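In what follows, chains carry the letters A, B, and so on, assigned in the order in which the sequence lines appear, proteins first and then strands, with residues in each chain numbered from 1. All values below were derived from every heavy atom in this structure, side-chain atoms included, with hydrogens, water molecules and symmetry-related copies excluded. It should be emphasised that the depicted structure is a prediction, and the values quoted were computed from it without experimental measurement.
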There are 2 protein chains.
Amino acid sequence: MAKAKNQNPDYEKMLRKAGVRITRPRRIILGILSGAGDHPDALEIFRRAVAVDGSISLSTVYRTMKLMEGMGAIHRHAFEGGPSRFEQAGGEHHDHLIDIESGDVIEFKSDRIEQLQDEIAKKLGYDIVHHRLELYGRKRRTAG
Amino acid sequence: MAKAKNQNPDYEKMLRKAGVRITRPRRIILGILSGAGDHPDALEIFRRAVAVDGSISLSTVYRTMKLMEGMGAIHRHAFEGGPSRFEQAGGEHHDHLIDIESGDVIEFKSDRIEQLQDEIAKKLGYDIVHHRLELYGRKRRTAG
DNA sequence: ATGCAATTGCAAATCGTTTGCAAGAAGGAC
DNA sequence: GTCCTTCTTGCAAACGATTTGCAATTGCAT
């Protein structure tokens with residue numbers, strides 16, 4: 001019953017092909033993102049990585065995040081004030097609903113909204129390169 | 001033909017009523033936001049404020065921004081990486097299209113999108129407290 | 001005008017993130 | 001497997017944006 005979010009597109013192969021060395025820290029960090037069902041920030045990734053290999057440094061986590069972001073292997077999210085949070089790329093595009101009480105992130109998708117965004121941009125004379133749609137909400141009290 | 005974006009809801013009165021002292025720095029800063037047609041960041045507001053009164057400090061700009069944000073008199077936007085940018089509140093709600101080449105911000109509004117957002121949140125069991133919709137785009141080359 | 005609490009400017013502190021550098025690994029050539 | 005070059009790493013120091021402690025100053029109710 002584990003939340004299997006794992007469609008691991010074998011990043012190691014892709015990265016090596018792109019001329020990126022697969023080092024021990026990188027393998028560990030990538031593995032963590034790959035298995036994460038949440039959207040951890042750099043410090044949290046660092047904690048999880050250290051649990052596997054105590055010698056990994058926070059700098060390496062940041063450097064790896066930046067590298068992977070550049071390669072398109074992960075997505076960086078800057079939710080409300082807090083630090084950047086990361087998520088493995090590869091899945092379908094989606095937006096986020098952030099629970100302002102717990103910080104939990106729920107993913108959702110709306111083709112209709114995407115379509116409307118395109119129309120708006122077009123009307124304004126722009127081509128959308130990317131967008132950000134975040135809903136900040138509070139769990140509805142289940143009427144008791 | 002100036003871009004009059006000025007529906008100045010007499011913040012001084014509102015603020016004083018809320019027990020906030022109207023000091024010289026605050027009056028100047030509020031005036032700047034009120035007359036701004038753009039979305040300046042703290043440093044830019046500071047620059048404009050210093051041009052009026054050389055003794056104003058950056059700390060005061062930050063403190064005033066935080067205070068006014070709390071009072072609902074301004075909105076804070078954290079676009080892509082950069083520092084927070086501010087805008088006087090009071091106008092109608094709108095979202096933003098950011099020109100990734102110039103940094104210019106264009107405001108737009110879509111009731112349809114807002115409505116869809118509400119539906120999505122409701123379906124997920126949440127009440128939206130606020131949201132953020134930003135389109136990052138590039139000016140379409142006017143086919144010549 | 002007077003007094004006290006709220007506000008300020010300044011400098012130092014903080015947070016998240018980046019960077020210089022010397023030591024240490026990755027992986028192609030042999 | 002061994003060697004070599006180059007890329008990566010960990011560390012500590014630097015960074016940019018923002019916040020804070022503090023003593024001096026100001027707003028404004030009286």
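In this structure, A:Leu15 places its CG atom 14 Å from C1' of C:dA26, rounding to the nearest Å. The nearest whole Å value for the distance from the CG atom in A:Asp53 to the C1' atom in C:dG24 is 14 Å. With rounding to whole Å, A:Glu44 atom CD is found 14 Å from C:dT17 atom P. Here C:dT19 presents its P atom at 14 Å from CG of A:Leu67, a figure rounded to the nearest Å. Atom pair B:Leu30:CG and C:dT7:C1' shows a separation of 15 Å (rounding to whole Å applied). Whole-Å rounding puts the A:Met65 CE to D:dT8 P distance at 14 Å. B:His77 has its NE2 atom 18 Å from the P atom of D:dA17, to the nearest Å. Going from atom CZ of B:Arg85 over to atom P of D:dA17 covers 13 Å, rounded to whole Å.
Distances shorter than 4.0 Å separate some side-chain N or O of A:Lys66 from OP1 or OP2 on C:dT18. Under 4.0 angstrom from either OP1 or OP2 of D:dT9 there lies at least one side-chain N or O belonging to A:Arg26. At C:dT17, one or more side-chain N or O atoms of A:Tyr62 fall inside 4.0 Å of OP1 or OP2 (strictly under the cut-off).
Mapping B:Arg24 and A:Thr23 onto DNA chain D by nearest heavy atom places A:Thr23 closer to the 5' end of the strand. For the pair A:Ser59 and B:Pro83, both in contact range of DNA chain D, the more 5′-proximal nearest nucleotide belongs to A:Ser59. Nearest-nucleotide positions on DNA chain C for B:Arg21 and B:Ser55 put B:Arg21 closer to the 5' end.
Comparing D:dG10, C:dT17, C:dG9 by their nearest atom to the side chain of B:Ile56 picks out C:dG9.
Residue contacts for A:Arg16: at a heavy-atom cut-off of 4.0 Å it reaches the sugar-phosphate backbone alone, with no base atom in range. Residue B:Arg63 is classed as a base contact, given a heavy-atom separation below 4.0 Å to a base. No engagement by B:Leu43 is indicated, since no non-hydrogen atom pair under 4.0 Å with the nucleic acid exists.
Judged purely by distance below 3.5 Å, without hydrogens or angles, the side chains of B:Glu107 and B:His39 pair a donor atom with an acceptor atom. When only modelled atom types and interatomic distance are considered, A:His131 and A:Gln117 share a side-chain donor-acceptor pair under 3.5 Å.
Annotation: A:His75 is not in aromatic contact with A:His130 [ring centroid separation under 6.0 Å not met].
For the side chain to side chain donor-acceptor pair (under 3.5 Å) with B:Ser84, the qualifying choice from B:Lys66, B:Arg76, B:His77 is B:Arg76, the only one to do so.
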Fill in: Trace of the side-chain contact (heavy atoms from CB on, under 4.5 Å) decision for A:Leu30 with A:Met68
CA-CA 9 Å; A:Leu30 262 279; A:Met68 294 304 143; 3.9 Å; yes
